[in-house]
Amino acid sequence: MKKLLTLMGVLLGCTTMASAQIYCYSGSQERSNEEVYLSKIDNSGGHTVVYLTFVGNGKHVTLHPTTHLVAYCKGGEVVTYNYKKAENIAIFPEYDREIPVGQKVEFKIYFPKIADNVKKIDFIEFAPSDSTRFNFYNISLSKKFLEN
């Protein structure tokens with residue numbers, strides 16, 4: 001019985017690892033603000049977590065509470081996922097701290113877990129006409145990377 005439980009635990013662990021969905025990004029990205037970079041999207045837990053890096057410009061960095069993901073699913077369905085919480089960034093209209101020029105600050109934005117059939121998303125903080133906000137477009141979810 002003990003061997004059976006051990007085997008079941010190992011199989012469950014392998015299943016969990018195989019379903020991990022972590023997408024890593026680098027290089028140029030289609031974005032509205034050159035001071036914010038998309039680092040990673042982790043869709044492996046109970047939420048979808050977007051990791052962003054802000055390169056300081058001597059001003060405050062905040063996240064607008066209307067931030068959302070627009071998900072493009074197989075078959076043409078479009079679904080919106082609203083932001084749930086954030087770490088290491090103030091939520092507008094609150095201001096946290098000024099970020100010195102060149103200093104990098106990483107933060108996380110949590111959303112409900114996106115569906116497995118989503119192949120591409122847009123990260124929308126605010127209207128495209130507002131250049132102080134950060135939006136990312138056509139983010140591919142086709143490549144998966146497991147973290148070490």
Side-chain angles (χ1 to χ4, degrees), residues 3-57 59-96 99 103-148:
K3 287 182 181 179
L4 178 60
L5 289 175
T6 302
L7 178 60
M8 287 175 59
V10 169
L11 290 175
L12 179 62
C14 290
T15 302
T16 302
M17 285 177 55
S19 66
Q21 298 176 355
I22 298 174
Y23 308 90
C24 300
Y25 301 91
S26 63
S28 63
Q29 301 156 346
E30 189 178 344
R31 62 185 188 268
S32 65
N33 187 320
E34 294 297 317
E35 296 161 338
V36 181
Y37 297 87
L38 173 66
S39 305
K40 176 172 66 172
I41 297 174
D42 184 347
N43 198 38
S44 64
H47 294 89
T48 295
V49 184
V50 178
Y51 293 76
L52 299 169
T53 301
F54 174 75
V55 180
N57 58 4
K59 298 179 184 176
H60 301 275
V61 61
T62 63
L63 181 74
H64 200 277
T66 60
T67 299
H68 60 281
L69 299 176
V70 178
Y72 302 93
C73 307
K74 286 182 183 176
E77 182 182 11
V78 178
V79 180
T80 299
Y81 296 88
N82 294 322
Y83 127 92
K84 294 294 183 191
K85 70 176 185 175
E87 292 180 8
N88 205 30
I89 186 170
I91 306 302
F92 183 84
E94 300 295 321
Y95 290 94
D96 190 0
I99 310 300
Q103 180 180 332
K104 292 183 180 182
V105 175
E106 295 180 350
F107 51 96
K108 300 180 205 177
I109 315 299
Y110 290 79
F111 299 89
K113 185 175 176 67
I114 60 175
D116 289 337
N117 67 339
V118 173
K119 295 298 173 198
K120 181 176 68 167
I121 61 173
D122 293 338
F123 176 102
I124 307 297
E125 185 197 14
F126 214 62
S129 62
D130 184 352
S131 64
T132 64
R133 299 295 174 187
F134 40 95
N135 301 322
F136 295 87
Y137 306 98
N138 298 314
I139 303 167
S140 173
L141 300 181
S142 62
K143 293 184 179 180
K144 297 176 188 172
F145 302 90
L146 293 178
E147 286 189 314
N148 295 332

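All figures in this text were calculated on a predicted structure; none of them were measured in a lab.
- Summarising the geometry, atom CD1 belonging to Ile41 is positioned 3.5 Å from atom CD1 belonging to Ile121; distances are rounded to the nearest 0.5 Å.
- The two residues Lys104 and Val55 make their nearest non-hydrogen contact at CG-CG2, 4.2 Å.
- Within the 4.5 Å cutoff, the side chain of Ile139 has no heavy atoms near those of the Asp122 side chain.
- In this structure, CD1 in Ile89 is found 8.0 Å from CZ in Phe54, a value given to the nearest 0.5 Å.
- Looking at Cys73 and Val79, their side chains come closer than 4.5 Å, going by heavy atoms from C-beta outward.
- The shortest non-hydrogen separation linking Phe107 to Asn88 is CB-O, 3.7 Å.
- Looking at heavy atoms from C-beta onward, His68 lies in side-chain contact with Thr80 at the 4.5 angstrom threshold.
- Between the CG atom in Leu63 and the CZ atom in Phe92 there is a gap of 11.0 Å [rounded to 0.5 Å].
- With contacts defined as side-chain heavy-atom distances shorter than 4.5 Å, the pair Lys84/Pro112 qualifies.
- Rounding to the nearest 0.5 Å gives a distance of 9.5 Å between OG1 of Thr53 and OH of Tyr37.
- Taking NE2 from His64 and CD1 from Ile124, the interatomic distance works out to 13.5 Å, rounded to the nearest 0.5 Å.
- Checking each of Asn43, Thr67, Val49 against Phe111 for a side chain to side chain contact (heavy atoms under 4.5 Å, CB included) leaves exactly one that passes, namely Thr67.
- Side chain of Thr66 to main chain of Glu125: a donor-acceptor pair is present (N/O by atom type, distance under 3.5 Å, no hydrogens or angles).
- Annotation: cation-pi pair Lys120/Tyr72 present, NZ/CZ under 6.0 Å from the ring centroid and within 45° of its normal.
- Side chains of Ile109 and Phe123 form a contact here, defined as non-hydrogen atoms less than 4.5 Å apart.
- Glu87 meets the salt bridge (Lys or Arg N to Asp or Glu O under 4.0 Å) test with Lys108; sequence neighbours excluded.
- In this structure, the side chains of Val50 and Phe136 stay at 4.5 Å or more apart for every pair of heavy atoms.
- In terms of modelled atom types and a separation under 3.5 Å, the side chain of Asp42 and the main chain of Ser44 share a donor-acceptor contact.
- A 4.5 Å side-chain heavy-atom check between Thr62 and Tyr95 finds at least one atom pair inside the cut-off.
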Practice problem: Could you please spell out the steps behind the side-chain contact (heavy atoms from CB on, under 4.5 Å) verdict for Ile91 and Tyr83? | Solution: CA-CA 11 Å; Ile91 306 302; Tyr83 127 92; 3.3 Å; yes
